[in-house]
Amino acid sequence: MSELTLLLIRLAFLALLWFFVIAAVGVIRADLFGPRTATTPARKANKPPKVSAKPRKGEPRQMVVTAGPLQGTVINLTEMPITIGRANDATLVLNDDYASSRHARLFPQDGQWIVEDLGSTNGTYLDRSKVTRPTPVPLGVPIRIGKTVIELRK
């Protein structure tokens, strides 16, 4: 082989190696800080979604952990969003290898609670369906995040 061919092979290998290093750093950054999301005008203005001050009849009042290491944990639902994940600043902190640091969030909107996956690695499941966009959560339907199962109850 000529010296030029060996040099080109070495440069291609070096470029491929750097590509993998940059990809690995991107995955670690996404797991630590959450995915990059486009900002909408409502988020820029920091306007919270319109919610009622008090839950109406038939609306959920509590989020209950029904399975997993935190089974029996109850969180009262207010107008504040609930974040779920491994991060210490999450409302419900999960010590689960299958949960991302900022895995999902529950928030009230137009009189119902919505679950949204925050770009997690292993996904969020509402009943047996993977959550791919913000989805309303009916009463008593399980939300599964890793080994943890959550339900909204009256």
Side-chain angles (χ1 to χ4, degrees), residues 15-154:
L16 186 64
L17 181 65
W18 274 107
F19 171 76
F20 283 123
V21 167
I22 291 170
V25 168
V27 168
I28 292 169
R29 186 209 53 83
D31 195 38
L32 290 175
F33 303 112
R36 292 182 183 176
T37 55
T39 20
T40 60
R43 286 185 182 166
K44 284 183 182 177
N46 291 328
K47 294 180 185 175
K50 294 180 183 178
V51 293
S52 59
K54 227 193 291 188
R56 295 182 215 136
K57 189 174 183 176
E59 287 185 12
R61 298 175 192 267
Q62 296 179 329
M63 181 181 82
V64 180
V65 179
T66 58
L70 297 174
Q71 184 175 1
T73 303
V74 177
I75 296 176
N76 290 323
L77 300 177
T78 63
E79 64 267 2
M80 297 300 296
I82 296 172
T83 55
I84 304 167
R86 288 192 330 235
N88 289 332
D89 63 345
T91 309
L92 181 63
V93 178
L94 303 177
N95 188 10
D96 188 344
D97 292 336
Y98 297 106
S100 298
S101 41
R102 284 170 184 74
H103 195 100
R105 77 177 181 131
L106 283 162
F107 60 95
Q109 183 178 34
D110 300 327
Q112 59 187 351
W113 282 84
I114 310 293
V115 64
E116 177 182 25
D117 186 83
L118 299 176
S120 66
T121 306
N122 294 314
T124 303
Y125 292 86
L126 180 61
D127 203 5
R128 292 186 178 162
S129 302
K130 189 170 185 175
V131 175
T132 56
R133 57 188 168 89
T135 308
V137 180
L139 280 171
V141 175
I143 302 168
R144 185 172 55 82
I145 297 173
K147 297 175 185 174
T148 304
V149 179
I150 302 162
E151 289 181 11
L152 297 183
R153 295 187 178 165
K154 288 185 184 182

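Residues take their numbers from the sequence shown, with the count starting at 1. These figures come from a predicted structure and were not determined experimentally. Just so it is clear, the values below take in all heavy atoms, side chains as well, and ignore hydrogens, waters and symmetry mates.
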| message | Show every side-chain hydrogen bond (donor to acceptor under 3.5 Å, both in side chains) that has at least one partner inside residues 64-75, sequence neighbours left out. | response | none
| request: Could you note down all residue pairs passing side-chain hydrogen bond (donor to acceptor under 3.5 Å, both in side chains) where residues 124-133 supplies at least one of them, sequence neighbours left out? | output: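 Checked against side-chain hydrogen bond (donor to acceptor under 3.5 Å, both in side chains) - neighbours excluded - the pairs reaching residues 124-133 are H103-T124, D117-T124.
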| said: Per the salt bridge (Lys or Arg N to Asp or Glu O under 4.0 Å) rule, what does the pair list look like for residues 141-151, sequence neighbours excluded? | reply: E151-R153
Nearest atoms (heavy-atom pairs only) where [X] meets [Y]:
| X | Y | result |
| --- | --- | --- |
| K154 | Q62 | O-OE1, 4.2 Å |
| L152 | W113 | CD1-CB, 3.6 Å |
| F107 | P134 | CZ-CB, 4.5 Å |
| V93 | L70 | O-CD1, 3.3 Å |

Do [X] and [Y] make a side-chain contact, defined as non-hydrogen atoms from C-beta onward lying under 4.5 Å apart?
| X | Y | result |
| --- | --- | --- |
| I143 | V141 | no |
| V137 | L106 | yes |
| T148 | V65 | yes |

| query | Can V74 and M63 be said to form a side-chain contact (heavy atoms from CB on, under 4.5 Å), step by step? | reply | CA-CA 6 Å; V74 177; M63 181 181 82; over 6 Å; no
| task | Could you list the residues that satisfy side chain to side chain contact (heavy atoms under 4.5 Å, CB included) with P136, not counting sequence neighbours? | result | Q112, I114
| field | Separation of I145 CD1 from S100 OG (nearest 0.5 Å) | value |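 If I round to the nearest 0.5 Å, the distance is 9.5 Å.
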Name each donor-acceptor pair under 3.5 Å that joins a side chain in residues 81-90 to protein atoms two or more places apart or in another chain, with its distance.
residue : atom : partner : partner atom : Å
T83     : OG1  : T91     : N            : 3.1
R86     : NH1  : A99     : O            : 2.6
R86     : NH2  : D31     : OD2          : 3.4
D89     : OD1  : R102    : NH2          : 3.4
D89     : OD2  : R102    : NH2          : 3.2

